[in-house]
Amino acid sequence: MRTSNKRIIRAFPVASVVTLSALFSLVGSLAQTPRPAIAPTFYRDVLPILEQHCQICHRAGGIAPMPFETYEETRPWADAIRRATHEKSMPPWFADSNVGQFSNDPSLTPAEIATLAAWAHAKSPAGQIGDAPPARRWAENWSIPKPDLILKMPRPVPLPANGDVEYTYEIVPTNFNGDRWAQMAEVLPELRSNVHHAVVYIRPPDSNWLRHAPVGVPFTASTLTDADDRRGAHWTDSDVLLVYAPGSSPDSWPDSMAKFLPAGSGLVFQMHYTTNGHAASDQSSVGLTFSKRPPEQRVLTLQLTNDHFVIPPGAPNYRVEARGTLPNDALLLSFFPHMHLRGKRFEYNLVHKKPGANGEPEYAIEPLLRVNYHFHWQMSYRLAEPRFLKAGTELQAVAWYDNSKGNPHNPDPGAEVRWGEQTYDEMMVGFFDVAVPLGMDKQHFFVRK
């Protein structure tokens, strides 16, 4: 197994045959599944589960193709819901249950899965509408509560029907007269089917990044005339407000934490678009909810990245690694792995070093997160209990890629694959969020004491 070069923390601009034994095993597992004593009804038993676990996507304006907000909407899908929840393909969640606990895990309990199965088997009775819980109120199109401020890209980005689209940028002025602290943030793409990912950066008023780039109009690296600006379109150390990819969650921090937006800042939208045979245009937005008082800690988004790898043709399990040490104390909050179509697995680890018996150092790996990667559900994973990490702690990110014919998403198993912006290229980025003292920005965080 080959391993490519290591890179440290940095920023960058994300019909089968069933055997008898298998059948008996399945029957046995179903027999052990707890079943409700009486037939569940929609309003009393099913709707509360849908509100808590499913409606974030399955609602009017949500990303799912059908809403599950009313009995009439849900009943035709009862058996599909039973199958998907029994197989645990819904709600989507890809973390290894043996590693870590996460506050945003939407997984159903065995009792909830049994309730949905019993409801379907009972021919999906409605029950009494008076048993329904209060309807969950969603802000129009948003997963977070109604934002305090919505900032939309001033100009739509025209997208061709076919071909590659270069990373597209648009700088959005905030016009903040004073400093702001964002406690919640969500990217809302206008064309979800065309947005592969979006990164929204915070550009302070004194920043030289993309200094000569136009404001309020779309641009790409190739349309910039200044050499520094062209380089800046491919790499930056500016603060990340939010990363979006299909299936990702909005940011929502405790009252004691937030992200800092200085007075006079601009937001730089970095948009990676893909084409789908239809010409269109996109004008995405970001919604922000602000802290009512200054928080106690500032949230920074960092990353472990390796952009120097070559995945051989046909390789089914190619490993790429990145490591880095924290220069200062930090509270580890969450993870967001990003790969492309050949992504297979991703993990984050702590690397513990101690003296060995013969004087040579020994290393022990402590897993923090292991994910069976899914390109169409690029999720964030928020620790149930934040982890304090001392300065000098070594973090490791490891990614595995399937460049074989056995990968149904692989665009070309015969290709040698390198880092690149398009989905037929690959990326290896392990985003992670930390909380640091209020007055510490990213530049000072990387000053080692």
What class does the angle between the rings of Phe309 and Trp419 fall in, given that below 30° is parallel, 30 to 60° is tilted and above 60° is perpendicular? perpendicular

Using modelled atom types and a 3.5 Å cut-off, is there a donor and acceptor pairing between side-chain atoms of Glu73 and backbone atoms of Met66? no

Does any donor atom in the side chain of Asn317 or Arg345 lie under 3.5 Å from an acceptor atom in the other side chain? yes

With no hydrogens and no angle check, just 3.5 Å: does a side-chain donor-acceptor pair link Glu321 and Asn306? no

Can you confirm whether more than 12 heavy atoms, excluding those of Asp206, are under 6.0 Å from its CG atom? yes

Residues at least two apart in sequence or cross-chain that pass side-chain hydrogen bond (donor to acceptor under 3.5 Å, both in side chains) with Arg382, listed by chain then number, are none

Grab the two heavy atoms, one from Met427 and one from Tyr401, that are nearest each other, plus how far apart they are. O-OH, 2.7 Å

Can a donor-acceptor pair be found between the side chains of Asn403 and Asn410 at a distance below 3.5 Å? yes

More than 12 heavy atoms of other groups within 6.0 Å of Arg211 CZ: yes

Looking at Leu288, is its backbone amide N or carbonyl O close enough to the side chain of Glu186 to form a donor-acceptor pair, meaning the two atoms are under 3.5 Å apart? no

Taking atom types as modelled, is there a side-chain donor on Lys146 or Thr289 under 3.5 Å from an acceptor on the other? no

Is a side-chain donor or acceptor of Glu87 paired with a backbone partner of Ala84 at a separation under 3.5 angstrom? no

Out of the candidates Tyr167, Phe431, Tyr244, Tyr273, only one should pair with His197 under the ring-ring contact (aromatic ring centres under 6.0 Å, His included) rule; please name it. Tyr167

His340 and Gln422: side-chain donor and acceptor closer than 3.5 Å? no

I'd like to know if Arg83 pairs up with Asp79 as an ion pair, taking the criterion as any Lys NZ or Arg NE/NH1/NH2 lying under 4.0 Å from an Asp or Glu carboxylate oxygen. yes

Going by atom types only, do Thr220 and Glu166 share a side-chain donor-acceptor pair under 3.5 Å? yes

For the residue pair Leu224 and Ala233, what are the closest heavy atoms and their distance? CD1-CB, 4.5 Å

Quick one: do the Thr275 and Asn162 side chains pair a donor with an acceptor below 3.5 Å? no

Is Arg75 positioned over the aromatic face of Tyr71, cation under 6.0 angstrom from the ring centre and no more than 45 degrees off axis? no

Matching residue for Arg203 among Val268, Thr236, Asn208 - test: side chain to side chain contact (heavy atoms under 4.5 Å, CB included): Val268

Given 3.5 Å as the limit, does a donor-acceptor pair link the side chain of Asn328 with the main chain of Phe445, or not? yes

Side-chain heavy atoms of Pro295 within contact of Leu438, under 4.5 Å: yes

Between Glu347 (side chain) and Leu368 (backbone), is there a donor-acceptor pair under 3.5 Å? no

Would you say that Pro67 contacts His58 through its side chain, given a criterion of any heavy-atom pair below 4.5 Å between the two side chains? no

Donor-acceptor pair, side chain of Ser207 and main chain of Pro204, under 3.5 angstrom: no

Without swapping roles, check the side chain of Asp148 against the backbone of Phe290 for a donor-acceptor pair under 3.5 Å. yes

Side chain to side chain contact (heavy atoms under 4.5 Å, CB included), that's the test. Do Leu47 and Phe68 meet it? Break it down for me. CA-CA 8 Å; Leu47 186 54; Phe68 293 156; over 6 Å; no

From CA spacing to verdict: side chain to side chain contact (heavy atoms under 4.5 Å, CB included), Val199, Val240: CA-CA 7 Å; Val199 184; Val240 173; 4.0 Å; yes

For atom NE2 of His278, decide whether the heavy atoms of other residues, nucleotides or ligands shown that lie under 6.0 angstrom number more than 12. no

For Gln101, look at atom CD and say whether over 12 heavy atoms of other residues, nucleotides or ligands are found less than 6.0 Å away. no

Could you tell me if the ring centre of Phe335 sits under 6.0 Å from that of Tyr348? yes

Salt bridge flag under 4.0 Å for residues Asp239 and Arg298: yes

Could you tell me if Tyr318 and Asp402 have a donor-acceptor pair between their side chains, going purely by distance under 3.5 Å? no

Of the non-hydrogen atoms in Ala322 and Met428, which two are nearest, and what is the gap between them? N-CE, 3.9 Å

With side chain to side chain contact (heavy atoms under 4.5 Å, CB included) as the criterion, how do Glu170 and Val217 come out once you've worked through the C-alpha distance, each side chain's angles and the decisive distance to 0.1 Å? CA-CA 6 Å; Glu170 197 159 337; Val217 296; 5.7 Å; no

Please check if the side chain of Gln378 supplies one atom and the backbone of Phe375 the other of a donor-acceptor pair under 3.5 Å. yes

So, does Lys405 use its side chain to make a donor-acceptor pair with the main chain of Gly414 at under 3.5 Å? no

Write down the atom of Trp142, the atom of Ser285, and the distance for their closest heavy-atom approach. CH2-CB, 4.4 Å

For the aromatic rings, using the six-membered ring if either is Trp, is the centroid distance between Tyr169 and Phe219 under 6.0 Å? yes

Side chains of residues 384-395: which donor-acceptor partners sit under 3.5 Å, not counting sequence neighbours?
{"unit_1": "Arg387", "atom_1": "NH1", "unit_2": "Glu366", "atom_2": "OE2", "d": "2.9"}
{"unit_1": "Arg387", "atom_1": "NH2", "unit_2": "Glu366", "atom_2": "OE1", "d": "3.1"}
{"unit_1": "Arg387", "atom_1": "NH2", "unit_2": "Glu366", "atom_2": "OE2", "d": "3.2"}
{"unit_1": "Thr393", "atom_1": "OG1", "unit_2": "Lys390", "atom_2": "N", "d": "3.3"}
{"unit_1": "Thr393", "atom_1": "OG1", "unit_2": "Lys390", "atom_2": "O", "d": "2.6"}
{"unit_1": "Glu394", "atom_1": "OE2", "unit_2": "Arg323", "atom_2": "NH1", "d": "3.4"}

Has Trp77 got more than 12 heavy atoms of other residues, nucleotides or ligands less than 6.0 Å from its CH2? no

So, for Pro189 and Asp282, which heavy atoms are closest and what is the spacing to 0.1 Å? C-OD1, 4.1 Å

Could you pull out the closest heavy-atom pair between Lys259 and Leu242, with the gap in Å? NZ-N, 4.4 Å

Aromatic plane relationship, Phe102 with Tyr381 - under 30° parallel, 30 to 60° tilted, over 60° perpendicular: perpendicular

Counting N and O atoms only, with roles assigned by atom type, does the side chain of Gln55 sit under 3.5 Å from a partner on the main chain of Arg136, one being a donor and the other an acceptor? no

